[in-house]
*Asks:* 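I'd like to ask you about the structure that follows.
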Amino acid sequence: MTPHIRIQNEDFDVNDELEALASAQIDVGAVASFVGLVRGDGGLTSLTLEHYPGMTEREIENHVEEANRRWPLLGATVIHRVGTLKPGDRIVLVAVASAHRSAAFEACEFLMDYLKTRAPFWKREDRGGESAWVEARASDEEAAGRWK
Amino acid sequence: MTPHIRIQNEDFDVNDELEALASAQIDVGAVASFVGLVRGDGGLTSLTLEHYPGMTEREIENHVEEANRRWPLLGATVIHRVGTLKPGDRIVLVAVASAHRSAAFEACEFLMDYLKTRAPFWKREDRGGESAWVEARASDEEAAGRWK
Amino acid sequence: MTLLYFAWVRQKVGVAEETMNLPPGVTTLKDLIAHLEQRGGGYAEAFGNPQRLRAAVNQEHAGFDAAIADKDEIAFFPPVTGG
Amino acid sequence: MTLLYFAWVRQKVGVAEETMNLPPGVTTLKDLIAHLEQRGGGYAEAFGNPQRLRAAVNQEHAGFDAAIADKDEIAFFPPVTGG
């Protein structure tokens with residue numbers, strides 16, 4: 001299984017990505033996916049994402065490999081956007097293909113939990129003129145901890 | 001939250017469906033989804049789905065309402081195809097929107113487990129000239145049982 | 001009452017739908033299953049092994065002890081296999 | 001060694017990247033953090049409260065006891081907030 005991992009400024013089309021994932025092998029019966037979006041609550045005007053090029057890709061690759069050891073995966077796609085995004089914009093796609101649904105769901109959640117707590121991305125929120133870095137959430141650490 | 005529930009012969013576009021779901025409310029931060037596909041293993045040539053019109057929609061509505069009581073959902077889409085499908089074709093889409101990912105993932109899995117064990121659909125597999133009704137799997141009953 | 005059959009139950013009995021009056025002495029799904037089995041032929045095949053069957057009364061899943069009435073829509077089918 | 005700074009760490013120190021020779025007596029990340037804090041100004045702000053910081057050595061997450069060498073790529077950043 002060769003995962004598709006992309007860090008990009010551009011948006012993505014979920015249908016295209018899932019089709020590429022599912023069409024790779026005829027025994028794909030289940031594709032679980034997650035799309036994260038910019039929430040517009042609290043007067044947010046934009047969200048800016050920066051990352052650590054090189055380390056980001058390496059971390060994601062490592063976690064996809066780990067997922068592949070834990071579940072019988074037939075494909076995985078991780079796309080994470082960087083740059084400045086608006087409320088409602090897609091931020092991230094994680095999609096996992098397997099023969100059956102439980103493996104696909106579990107691996108997808110596993111990858112999202114690790115993206116949240118290990119992949120070197122940082123979010124800055126802009127509200128009108130005010131700008132603030134997003135603080136990490138303890139609940140994300142707990143979510144990642146359950147896979148240990 | 002008004003769910004989108006459709007039983008149809010036609011295919012669907014996942015990107016369009018997720019966009020409709022996410023654009024309904026600005027505080028959607030997470031969309032978890034599942035796509036089930038026809039696996040082409042074992043020499044399958046086609047899969048034919050029949051359903052119990054009326055009861056199907058009612059069962060799915062009931063389970064979406066139950067999911068909405070358990071998790072703070074901002075939207076849900078369930079599309080299930082009927083008729084004759086080929087290997088690689090999409091069968092089902094379940095997509096759930098929420099502010100945060102854990103609610104979206106859990107509600108999506110909950111709905112899939114109940115679709116598998118409660119919604120009145122039946123699959124018939126054709127392999128060349130041979131035709132056979134798919135047997136229900138005990139593992140699906142167990143998966144649904146964990147939500148009790 | 002209206003009787004609906006799906007999947008292999010429909011194939012065995014040979015029709016998708018039929019109407020009948022509630023037979024004398026039939027008050028539950030279990031009674032109805034025994035009554036239908038006695039018709040013989042495809043009915044005997046479909047209803048002779050009730051643990052392979054599932055049922056709905058008025059479009060809701062129902063156990064075989066469920067009471068039935070003449071106005072009901074009753075469906076028999078195998079365990080579901082959607083999703 | 002190469003030092004990389006991200007998010008508010010970068011904003012406080014005022015540069016995204018710099019190179020320096022391993023200072024005498026510095027053998028771990030903890031030593032390097034103390035050394036950088038002593039530069040004062042934005043460095044003191046960024047490195048004065050190490051529990052708010054995370055680090056990577058050669059693009060892998062590392063605890064502050066990790067040994068470092070002159071050829072390493074070392075990054076300092078806040079807890080990550082992607083996904």
Side-chain angles (χ1 to χ4, degrees), chain A residues 11-19 21-44 47 74 86-102 104-113 115-116 137 139-140 142-143 146, chain B residues 11-19 21-44 47 74 86-102 104-113 115-116 137 139-140 142-143 146:
Chain A
D11 194 14
F12 47 83
D13 182 288
V14 179
N15 208 61
D16 291 350
E17 299 300 336
L18 298 197
E19 272 192 1
L21 192 56
S23 65
Q25 291 186 63
I26 198 67
D27 45 352
V28 172
V31 176
S33 64
F34 179 86
V35 176
L37 301 127
V38 181
R39 272 181 289 126
D41 48 3
L44 185 90
L47 186 75
L74 295 171
K86 301 268 172 237
D89 282 355
R90 282 176 276 261
I91 304 171
V92 61
L93 170 70
V94 171
V96 175
S98 188
H100 300 290
R101 75 186 183 288
S102 63
F105 269 122
E106 288 174 25
C108 188
E109 269 200 274
F110 171 88
L111 288 174
M112 271 309 302
D113 286 347
L115 260 187
K116 286 267 180 191
R137 301 193 312 162
S139 61
D140 286 328
E142 284 160 25
R146 70 191 154 135
Chain B
D11 195 14
F12 48 82
D13 182 288
V14 179
N15 208 62
D16 291 350
E17 299 300 335
L18 300 196
E19 271 191 0
L21 191 58
S23 64
Q25 292 186 64
I26 198 67
D27 45 352
V28 172
V31 176
S33 63
F34 179 85
V35 176
L37 301 127
V38 181
R39 273 181 289 125
D41 46 4
L44 186 89
L47 186 75
L74 296 171
K86 301 268 172 236
D89 282 354
R90 283 175 275 262
I91 304 172
V92 61
L93 170 70
V94 171
V96 175
S98 188
H100 300 290
R101 75 186 182 286
S102 63
F105 269 122
E106 287 174 24
C108 188
E109 269 200 273
F110 171 88
L111 288 174
M112 272 309 302
D113 285 347
L115 260 186
K116 285 265 180 192
R137 300 193 312 161
S139 61
D140 287 328
E142 284 160 25
R146 71 191 154 136

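Values below: every heavy atom of this structure, side chains too, minus hydrogens, waters and symmetry copies. Here is how names work: the chains are called A, B, and so on, in the same order as the sequence lines, proteins then strands, and each is numbered from 1.
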*Asks:* Contact part of Ser33(B) toward chain A, heavy-atom cut-off under 4.5 Å: side chain, backbone, both or neither?
*Replies:*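 For Ser33(B), the contact with chain A is made by backbone and side chain together.
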*Asks:* Could you tell me which portion of Ala99(B) (side chain, backbone, both or neither) has an atom closer than 4.5 angstrom to a non-hydrogen atom of chain A?
*Replies:*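 Both the backbone and the side chain of Ala99(B) come within 4.5 Å of chain A.
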*Asks:* How close do Val31(A) and Leu18(A) get, heavy atom to heavy atom, and via which atoms?
*Replies:*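 So the minimum-distance heavy-atom pair works out to CG1-CD2, 3.9 Å.
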*Asks:* Take Asp89(A) and Lys86(A) through the salt bridge (charged side-chain N to carboxylate O under 4.0 Å, His left out) test and state the conclusion after the steps.
*Replies:* CA-CA 6 Å; Asp89(A) 282 355; Lys86(A) 301 268 172 237; over 6 Å; no
*Asks:* Relative to chain A, which segment of Asp16(B) carries a heavy atom at a distance below 4.5 Å: side chain, backbone, both, or neither?
*Replies:*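 Contact with chain A: none, neither part.
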*Asks:* Picking from Ala104(A), Ala95(A), Gly29(A), which has the most non-hydrogen pairs under 4.5 angstrom with chain B?
*Replies:*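 Option with the top pair count is Gly29(A).
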*Asks:* On a heavy-atom basis, which atom in Leu74(B) and which in Gln25(B) lie closest, and how many Å separate them?
*Replies:*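 Closest pair (atom of Leu74(B), atom of Gln25(B), distance): O-NE2, 3.1 Å.
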*Asks:* Would you name the heavy atoms of Ala97(B) and Leu21(B) that are closest together and state the gap between them?
*Replies:*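 Taking Ala97(B) first and Leu21(B) second, the nearest heavy atoms are CB-CG, 3.9 Å.
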*Asks:* If every non-hydrogen atom of Pro87(B) is compared with every non-hydrogen atom of Ile26(A), which pair is closest and at what distance?
*Replies:*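 Heavy-atom minimum between the residues: CB-CD1, 4.0 Å.
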*Asks:* Only pairs of heavy atoms separated by less than 4.5 Å count here; which of Ala143(A), Ser139(A), Ser102(A), Cys108(A) has the most with chain B?
*Replies:*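 Looking at each of Ala143(A), Ser139(A), Ser102(A), Cys108(A) in turn, Cys108(A) comes out on top.
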*Asks:* Specify which of Asp27(A), Val94(A), Val38(A), Asp41(A) makes the most heavy-atom pairs with chain B at under 4.5 Å.
*Replies:*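 Among Asp27(A), Val94(A), Val38(A), Asp41(A), the one with the most close pairs to chain B is Asp27(A).
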*Asks:* What are the two closest heavy atoms between Leu37(A) and Ala30(B), and how far apart are they?
*Replies:*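 Reported closest heavy-atom pair: CD1-N, 4.3 Å.
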*Asks:* I'd like to verify something: which residue of Asp13(B), Val14(B), Asn15(B) has the highest number of heavy-atom pairs under 4.5 Å with chain A?
*Replies:*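 Most heavy-atom pairs within the cutoff with chain A belong to Asn15(B).
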